[in-house]
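As the structure is a computational prediction, the values presented were derived from the model and not from experiment.
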Amino acid sequence: MAPARRRGLAEEVADRIREAVFDGTYAPGAQLREVELSGDMDVSRGPVREALRLLEREGLVHCAWHRGTTVTTLSATDVDELDSLRSALEDLAVRLVVARASDEDLASLAKAAGMMERAVDAHEMVRCDIAFHDAVFAATGHQRLTDAWNGIRCQVHLFLLTRIGHSTGDYLERIPSEHRELVAALRARDAGAALDLFAVHRRHAVDVVRGTTQPD
């Protein structure tokens, strides 16, 4: 029973560190020190160390013997690989949603997009953005596809955090309307239009992160 408890504690610590990354407490490149984390969370260093390993498997942190543990900074290769994989998964998801999503599924997508109108800052908008794409994959009814999305979900979240680091105002202004357009195409069951809109949606974000568009 003791090992199970330790694993549970490590997962709780991982959840708290992950949330601290997602809310901007730890930005990409920030150092994560075991001693400080264990003191802040009032736990021993063992669960912290295990939590950091869990987060490394998610791609959220990077551990190196000579530098310690840092929040992942996405390289150009990371961005390219993440974009190509996300594109492949999302294209399949769009086709499945168009072909077989129920009216209730489509209503859930509209509701998720609507939440963006009430986001008060960029970090909350990123959470809404991720939640929308969660809903898209859930609407496919394809469990293995959803599992594949969940495998890169944290890295996509990190990618969007990197995006708002380049251009916050642009993100807040355009994201709600972009997602309304995505929902409209899915509700019309227009696969061609939906695929094009999702591709443009991804491409603009990648261009911002690559620095090929003008930041604020």
Looking only at non-hydrogen atoms, find the nearest pair between [X] and [Y] and report the distance.
| X | Y | answer |
| --- | --- | --- |
| R187 | A107 | NH2-CA, 3.7 Å |
| A10 | A51 | O-CB, 3.3 Å |
| T72 | G59 | OG1-O, 3.0 Å |
| V136 | A93 | CG1-CB, 4.1 Å |
| P28 | L158 | CG-CD1, 4.0 Å |
| D134 | W149 | OD1-NE1, 2.8 Å |

[X] versus [Y]: any side-chain heavy-atom pair under 4.5 Å?
| X | Y | answer |
| --- | --- | --- |
| Y26 | L60 | no |
| H62 | T73 | no |
| V97 | L106 | yes |
| H201 | L197 | no |
| L195 | E90 | no |
| Q143 | T146 | yes |
| E58 | Q155 | no |
| L89 | R86 | no |

Passes side chain to side chain contact (heavy atoms under 4.5 Å, CB included), V208 versus H204? Steps please. CA-CA 6 Å; V208 172; H204 179 75; 3.8 Å; yes

The residue among L82, V126, I152 that forms side-chain contact (heavy atoms from CB on, under 4.5 Å) with F159 is L82

In terms of hydrophobic clustering (I, L, V, M, F, W, Y; side-chain heavy atoms under 4.5 Å; direct or indirect links), are [X] and [Y] co-clustered?
| X | Y | value |
| --- | --- | --- |
| L9 | L32 | yes |
| I130 | L186 | yes |
| V206 | M125 | yes |
| V79 | V61 | yes |
| M115 | F22 | no |

Please confirm whether the backbone N or O of S75 pairs with a side-chain atom of D78, one donor and one acceptor, at under 3.5 Å? yes

Under a 3.5 Å distance rule, please check whether R163 uses its side chain to pair with a backbone N or O of V209 as donor and acceptor. no

What distance separates [X] [atom1] from [Y] [atom2], expressed to the nearest 0.5 Å?
| X | Y | atom1 | atom2 | value |
| --- | --- | --- | --- | --- |
| R57 | C63 | CZ | SG | 10.5 Å |
| E117 | C128 | CD | SG | 10.0 Å |
| R53 | T69 | CZ | OG1 | 9.5 Å |
| R202 | S84 | CZ | OG | 10.5 Å |
| T162 | H166 | OG1 | NE2 | 6.5 Å |
| D23 | E124 | CG | CD | 12.0 Å |

May I ask you to decide if the ring planes of H179 and F132 are parallel, tilted or perpendicular, using 30° and 60° as cut-offs?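 Correct class here is perpendicular.
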
Test log, rule side chain to side chain contact (heavy atoms under 4.5 Å, CB included), inputs F137 and N150: CA-CA 9 Å; F137 283 93; N150 286 332; over 6 Å; no

Using a strict 4.0 Å threshold on nitrogen-to-oxygen distance, state whether [X] and [Y] make a salt bridge.
| X | Y | result |
| --- | --- | --- |
| R18 | D15 | yes |
| D80 | R210 | yes |
| R203 | D83 | yes |

Would you say that more than 12 heavy atoms from the other residues, nucleotides or ligands in this model lie under 6.0 Å from the CZ of R100, or not?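 Yes, enclosed.
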
For M41, I'd like to know if atom CE has over 12 heavy atoms of other residues, nucleotides or ligands within 6.0 Å.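 It does: M41 CE has more than 12 such atoms within range.
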
Working for side-chain hydrogen bond (donor to acceptor under 3.5 Å, both in side chains), residues S108 and D105: CA-CA 5 Å; S108 294; D105 290 330; 5.5 Å; no

Check for me whether the distance between the ring centres of H157 and H133 falls short of 6.0 Å.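 For H157 and H133, the ring centres are not under 6.0 Å apart.
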
Working note: R127 + E19, criterion salt bridge (Lys or Arg N to Asp or Glu O under 4.0 Å); need CA distance, chi angles, decisive distance, verdict. CA-CA 11 Å; R127 290 179 186 276; E19 287 305 306; 3.0 Å; yes

